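To find a chain, count down the sequence lines: A is the first, B the second, and so on, and within it residues start at 1. A quick note: this is a predicted structure, and the numbers were derived from the prediction, not measured. Hydrogens, waters and symmetry mates are skipped; everything else that's a heavy atom, side chains included, is used.
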Protein chains: 2
Amino acid sequence: MQALNINITIEPHFFTKDPASTDLGKKIVRHSIEMINELGFEAFTFRKLGVAIGSNESSIYRYFESKHALLVYLINWYWSWIEYKLVFVTTNIPSAKEKLNNAIVLLTQETIEDTNVSFINEVLLHKIIISESSKAYHTCDIDAENEKGFYKTYKRVVQRVSSMVLEINPSFEFPHMLVSTVIEGAHHQRYFSEHIPALTDVVKGKNNIVRFYTDLVFKSIS
Amino acid sequence: MQALNINITIEPHFFTKDPASTDLGKKIVRHSIEMINELGFEAFTFRKLGVAIGSNESSIYRYFESKHALLVYLINWYWSWIEYKLVFVTTNIPSAKEKLNNAIVLLTQETIEDTNVSFINEVLLHKIIISESSKAYHTCDIDAENEKGFYKTYKRVVQRVSSMVLEINPSFEFPHMLVSTVIEGAHHQRYFSEHIPALTDVVKGKNNIVRFYTDLVFKSIS
DNA sequence: TTTAAGATGAAAGTAATACTATTATATTTG
DNA sequence: CAAATATAATAGTATTACTTTCATCTTAAA
């Protein structure tokens, strides 16, 4: 996909101060993505990030109230970006099946190029989504956070693809289950293929994950 | 399932001292399951557990070297128990389809009764598996731990069910992906249905999750 | 050009976590 | 009954995830 002059806008309740609005903010986000990838979310701290960007811990807290909040911001950025790409690959496609196919490919494929849409490296961000995003919603605060709309963007993506499923088969009972199974499943399979290969059948270089989930979707809704 | 006089045996490398071998050990495991459920894994600490069982933090460390190790123990206990039940519901079933069907039902259904097989409450343990198990394998130590066989029991269950898939369709390319997708998917759907319902189509009281995944499996392998 | 508002930095402090280490006291076993 | 083993009590450590306070630096309007 070619780079357009677009920008992913993130709603104000995902940050204390908009990181996209300042140099320091962008630096915080950019380097946090790198560091979370390198260290994992647990070992990543605002102190270490501060040292890495030559800034102070307390300054970072002016943008994000906690490292959990930063992760939620990143997750929402990711889903906003996916939503944008989803609209892009499904607009003006007359065939409902082709539309859904494009959507499933988008949701299950590897991210291999940084589109330079922004100050965010999408390849690394996708890796964070795969390895760390479950830590954002497996908390005891999930219910309160869900009410505040923390997972709205993700839900919207699921809703859009579910509608495509219903376009093809209006009587299919479980479109949301199917779509969220595919999304979470693809993430798991990518993680397993790298770390617990006995749980997958992934051969490196082949697009097995995309093919598996595409088949799964079309067979189960027919 | 009726209670048999069986016991789930856990391999020695999952503990420092076998909790099944002493009263204190059983107390540690029993109460840790309760507390992890109440507080979530993050807020659960050995200190709190010690207070709850009227014992000392340092005594708990003699059984498990860390709270992560305790979680890995619980996960292995769960999968050993599932493996036992899996063998139970698939033995002496001549039809390959019925066998696989029984397996999928077992993997996707809710656990509603504590079988009293042991000192472990399986209903609560299943909830921990759903909410917390991903925290065990989403660590930076995953590769080392996988090599040490930390996830062997889980892999064995996936392998058994994958074989059943191949019995029905020997040319199916992705049996492990299918089975791990179903297992992880069912856990996610149960979690989502309680906390982020927009991501599912689950109606309370109905066995939608079981039905959805059973259909999914049989449609995709046919 | 001054000024004052806002952004950032430096430094110190806090409560809690996830352990470890040491020593004392029970309890069991041979 | 002694020795071995299990458990408890206590204290200590390094780190985390923040918070607070105050100083300084920047910048943009008066």
Task: Electrostatic pair A:Lys135-A:Glu132, nearest N-O below 4.0 angstrom - done: yes
Specify the separation, in whole Å, of atom [atom1] of [X] and atom [atom2] of [N].
X       : N      : atom1 : atom2 : value
A:Lys17 : C:dG9  : NZ    : C1'   : 14 Å
B:Glu42 : C:dA16 : CD    : P     : 18 Å
A:Phe41 : D:dT16 : CZ    : P     : 13 Å
B:Arg47 : C:dT20 : CZ    : P     : 13 Å
B:Asn56 : C:dT20 : CG    : P     : 14 Å
A:Tyr61 : D:dT21 : OH    : C1'   : 17 Å
A:Leu49 : D:dT15 : CG    : P     : 18 Å
B:Phe46 : D:dA8  : CZ    : P     : 15 Å

What does [X] touch in the nucleic acid at a heavy-atom separation under 4.0 angstrom: a base, only the sugar-phosphate, or nothing?
X       : answer
A:Ser59 : base
A:Phe64 : nothing
B:Glu57 : base

Open item on the list: I want to verify a distance call: between D:dT7, D:dT16, C:dT8, whose nearest atom is closest to the A:Lys48 side chain?
Closed with: D:dT16
- [ ] State which of C:dT17, D:dT7, D:dT20 makes the closest approach to the side chain of A:Ser58.
- [x] D:dT20
Task: Earlier contact from the 5' end, DNA chain D, for A:Ser66 and B:Tyr63 - done: B:Tyr63
Open item on the list: Is it the case that the base of C:dG9 and the side chain of A:Arg62 share a donor-acceptor contact (distance under 3.5 Å, atom types as modelled)?
Closed with: yes
Open item on the list: Taking the ring of B:His126 and the ring of B:Tyr78, is the distance between their centroids below 6.0 Å?
Closed with: yes
Task: Pair A:His138 and B:Tyr191, ring centroids less than 6.0 Å apart - done: yes
Open item on the list: Is A:Thr45 close enough to D:dT15 that one of its side-chain N or O atoms is under 4.0 Å from OP1 or OP2 there?
Closed with: no
Task: Exercise: identify the closest heavy-atom pair between B:Phe46 and B:Ile60 - done: O-CD1, 3.4 Å
Task: side chain to side chain contact (heavy atoms under 4.5 Å, CB included) between A:Trp81 and A:Thr111, worked out - done: CA-CA 12 Å; A:Trp81 176 64; A:Thr111 301; 3.8 Å; yes
